Amino acid sequence: MEKKKGSLLSFRPDIKVVDATIRDGGLVNDFRFTEDFIKDLYKSNVEAGIDYMEFGYKASKDIFDENEFGTWKFCDEDSIRNIVGDNDTDMKIAVMADVGRCDYKKDIISRSDSAIDLVRVATYINTIPAAIHMVEHCKNMGYETTINIMAISNAKESELDEALELIGQSPVDGIYLVDSYGSLYMEQIDELADKYLAMADKYDKFVGIHAHNNQQLAFANTIAALTYGVSYLDATVSGMGRGAGNCASEQLLSFLKNPKYDIIPILKFLEKHIVPLKEAGVTWGYNIPYLITGQMNRHPRSAIAATNEKRTDYLNFFLEMNDKD
């Protein structure tokens with residue numbers, strides 16, 4: 001495959017920016033955003049030229065208690081309509097559905113009756129068949145779809161190759177390269193992008209990237225992937241997301257050369273909403289425990305607990321992580 005697509009001075013018309021602030025950021029505050037936050041983010045994303053806005057999860061109310069989470073854990077149709085109306089804009093609406101955590105046959109209605117355009121199916125490598133069943137249902141309902149394979153840094157290469165072939169043969173529109181643990185380096189991103197793009201070229205699909213910032217590489221890895229040929233790019237305002245967070249929208253929009261993207265609405269949103277949110281004690285972003293779990297290719301749950309406990313005994317944390325081997 002061609003090793004580079006575009007340059008630092010050009011823009012690629014196939015690039016799409018996906019705002020995941022509510023969905024990934026909601027993991028930080030149990031999806032308890034104010035209505036003003038959501039409405040202003042929607043407006044800001046439209047003005048900034050964002051291509052897709054992910055509102056949250058389509059989680060099952062039989063599995064998750066509605067009293068323990070905010071609106072965007074569930075993304076009811078009425079809740080989305082309350083923000084977007086008929087969404088008479090160029091920006092499309094997305095949601096995420098986790099394999100095994102979504103009543104998709106009940107909760108994902110016909111696209112003709114929905115404000116949602118794209119359903120992103122999140123799966124682990126061992127639940128790919130179930131993910132493909134969900135995609136088939138969503139495609140039959142009229143939606144655009146992606147499959148996002150989580151924790152690929154822990155997957156065996158043979159398993160990933162088999163998974164990509166199965167996904168290629170499915171009706172899904174695109175597949176996401178997901179660095180769940182923030183453990184991947186740019187050279188690994190290049191290798192994985194090559195593998196994903198080979199499947200995508202074979203079966204006429206696109207590839208996206210969702211990066212985490214444990215090693216302060218989310219932005220760099222996103223750039224590496226897009227330069228290689230990946231076209232759907234996830235970002236969140238101020239990098240808001242689980243644990244160390246994600247590639248920051250304001251960074252990515254400043255980098256992309258397409259004149260349709262405008263950072264000014266995002267900067268205004270940052271001032272109005274993100275600054276007060278952080279002042280209120282909502283926490284995300286790079287820190288030492290997240291760095292350590294990223295370096296060790298571990299799920300960030302231990303680092304999240306350490307951060308919540310305001311631990312600064314970093315050596316002890318490091319030794320504890322080593323003892324788990």
Side-chain angles (χ1 to χ4, degrees), residues 18-35 37-39 41-42 52-84 87 92-111 113-151 172 174 176 178 180-181 208 210 212 234 236 240-243 245-246 282 284 299-301 304 308:
V18 181
D19 173 80
T21 306
I22 305 174
R23 202 273 308 161
D24 213 319
L27 297 168
V28 174
N29 67 349
D30 294 329
F31 303 89
R32 298 187 187 281
F33 296 100
T34 66
E35 188 172 301
F37 184 102
I38 304 297
K39 285 184 173 178
L41 181 59
Y42 171 72
Y52 290 82
M53 178 174 171
E54 187 178 47
F55 269 72
Y57 285 99
K58 272 285 187 184
S60 168
K61 293 178 182 177
D62 291 331
I63 298 174
F64 298 96
D65 187 344
E66 287 183 84
N67 296 317
E68 293 183 6
F69 298 95
T71 300
W72 308 106
K73 179 77 170 178
F74 307 100
C75 286
D76 293 334
E77 192 66 36
D78 289 346
S79 299
I80 296 176
R81 291 277 187 190
N82 182 49
I83 305 298
V84 309
N87 188 32
K92 293 183 177 182
I93 305 303
V95 294
M96 181 166 279
D98 270 347
V99 170
R101 299 181 177 184
C102 173
D103 295 328
Y104 64 95
K105 291 181 180 178
K106 180 178 74 174
D107 293 337
I108 296 177
I109 61 174
S110 173
R111 183 180 180 183
D113 299 321
S114 175
I116 298 164
D117 301 288
L118 167 65
V119 178
R120 311 207 301 171
V121 176
T123 180
Y124 289 104
I125 200 93
N126 63 325
T127 53
I128 294 294
I132 290 172
H133 278 298
M134 289 176 68
V135 161
E136 290 169 346
H137 171 81
C138 293
K139 290 297 290 183
N140 288 336
M141 292 290 101
Y143 292 95
E144 300 172 35
T145 56
T146 69
I147 287 179
N148 299 30
I149 309 178
M150 299 179 287
V172 78
Y176 259 81
V178 183
S180 301
Y181 300 164
H210 181 85
H212 276 266
D234 279 18
T236 64
M240 186 180 186
R242 186 201 62 190
N246 306 98
V282 180
W284 69 89
H299 192 288
R301 62 175 65 89
I304 291 170
N308 289 340

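Remember, it's a predicted structure, so these values are computed and weren't measured experimentally.
When all heavy atoms of Trp284 and Met240 are compared, the pair lying nearest together is NE1-CA, 3.3 Å. In plain terms, the two heavy atoms of Ala97 and Met134 that are nearest each other are CB-CE, 3.6 Å. Contact between Asn87 and Lys92 at its shortest, heavy atoms only, is ND2-CA, 4.3 Å. The shortest heavy-atom contact between Val99 and Ala130 is CG1-CB, 3.7 Å. Here the closest heavy-atom approach between residue Gly243 and residue Ile304 is recorded as CA-CG1, 4.3 Å. Taking each heavy atom of Ile109 and Tyr143 in turn, the nearest pair found is O-OH, 2.6 Å.
Taking CD1 of Ile108 as the reference point, atom CE of Met141 lies at 9.5 Å (rounded to 0.5 Å). Between the OH atom of Tyr57 and the CZ atom of Phe69 there is a distance of 10.5 Å, given to the nearest 0.5 Å. Between the CG atom in Asp98 and the CZ atom in Phe64 there is a gap of 7.0 Å [rounded to 0.5 Å]. Atoms CE and OH, on Met150 and Tyr124 in that order, are 4.0 Å from each other to the nearest 0.5 Å. Atoms OH and NE2, on Tyr181 and His212 in that order, are 11.0 Å from each other to the nearest 0.5 Å. Residue Thr127 holds its OG1 atom at 9.0 Å from CD1 of Ile149, rounded to the nearest 0.5 Å.
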(request) Could you walk me through whether His210 and Asn246 pass side chain to side chain donor-acceptor pair (under 3.5 Å), step by step? (result) CA-CA 8 Å; His210 181 85; Asn246 306 98; 3.2 Å; yes

(request) Before giving the answer on side chain to side chain contact (heavy atoms under 4.5 Å, CB included), spell out for Glu77 and Ser114 the whole-Å C-alpha distance, their side-chain angles and the decisive distance to 0.1 Å. (result) CA-CA 7 Å; Glu77 192 66 36; Ser114 175; 2.9 Å; yes

(message) With side chain to side chain contact (heavy atoms under 4.5 Å, CB included) as the criterion, how do Met53 and Val84 come out once you've worked through the C-alpha distance, each side chain's angles and the decisive distance to 0.1 Å?
(response) CA-CA 11 Å; Met53 178 174 171; Val84 309; over 6 Å; no

(request) Show your reasoning for whether side chain to side chain contact (heavy atoms under 4.5 Å, CB included) applies to Asp76 and Thr71. (result) CA-CA 8 Å; Asp76 293 334; Thr71 300; over 6 Å; no

(message) I'd like to know whether Thr145 forms a side chain to side chain contact (heavy atoms under 4.5 Å, CB included) with Val121, so could you lay out the CA-CA distance, the side-chain angles of the two residues, the decisive distance to 0.1 Å, and finally the verdict.
(response) CA-CA 7 Å; Thr145 56; Val121 176; 5.7 Å; no

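Under the 4.0 Å criterion applied to side-chain N and carboxylate O atoms, Asp234 and Arg120 are assigned as salt-bridge partners. Ion pairing between a basic and an acidic side chain is recognised when a charged N comes within 4.0 Å of a carboxylate O; Asp30 and Lys73 show no such pairing.
Taking the six-membered ring where tryptophan is involved, the planes of Phe55 and Tyr42 are tilted, since the angle between them lies from 30° to 60°.
For the pair Ile128/Thr123, a side-chain contact is recorded, criterion being any heavy-atom separation below 4.5 Å from C-beta on. Two residues are said to be in side-chain contact when any heavy atoms from C-beta on lie closer than 4.5 Å; Asp62 and Lys106 meet this criterion. Using a 4.5 Å cut-off on side-chain heavy atoms (C-beta onward), Met96 and Asn148 make contact. Two residues are said to be in side-chain contact when any heavy atoms from C-beta on lie closer than 4.5 Å; Phe33 and Lys39 fail this criterion. In this structure, the side chains of Trp72 and Val95 stay at 4.5 Å or more apart for every pair of heavy atoms. Contact annotation: the side chain of Val135 approaches that of Ile147 to within less than 4.5 Å [non-hydrogen atoms, C-beta and beyond].
The closest donor-acceptor contact from the side chain of Arg111 to the backbone of Gly142 lies under 3.5 Å. Judged by distance alone, the side chain of Thr34 and the main-chain N or O of Phe37 form a donor-acceptor pair under 3.5 Å. Put simply, the side chain of Glu54 never gets that close to the backbone of Ile22: no donor and acceptor are under 3.5 Å apart. Panel note: side chain Asn140, backbone Glu136; a donor-acceptor pair is recorded below 3.5 Å. Of the possible polar contacts, none joining the Thr236 side chain to the Thr21 backbone as a donor-acceptor pair under 3.5 Å is found. Although no hydrogens or angles enter the test, the distance criterion places a donor-acceptor pair under 3.5 Å between the side chain of Asp24 and the main chain of Arg242. Using a distance-only test at 3.5 Å, with no hydrogens or angles considered, a donor-acceptor pair links the side chain of Asn29 to the main chain of Phe31.
A cation-pi contact links Lys61 to Phe74, judged by a cut-off of 6.0 Å to the six-membered ring centre and 45° from its axis.
In the displayed structure, His133 atom NE2 is contacted under 6.0 Å by at most 12 heavy atoms of other residues, nucleotides or ligands.
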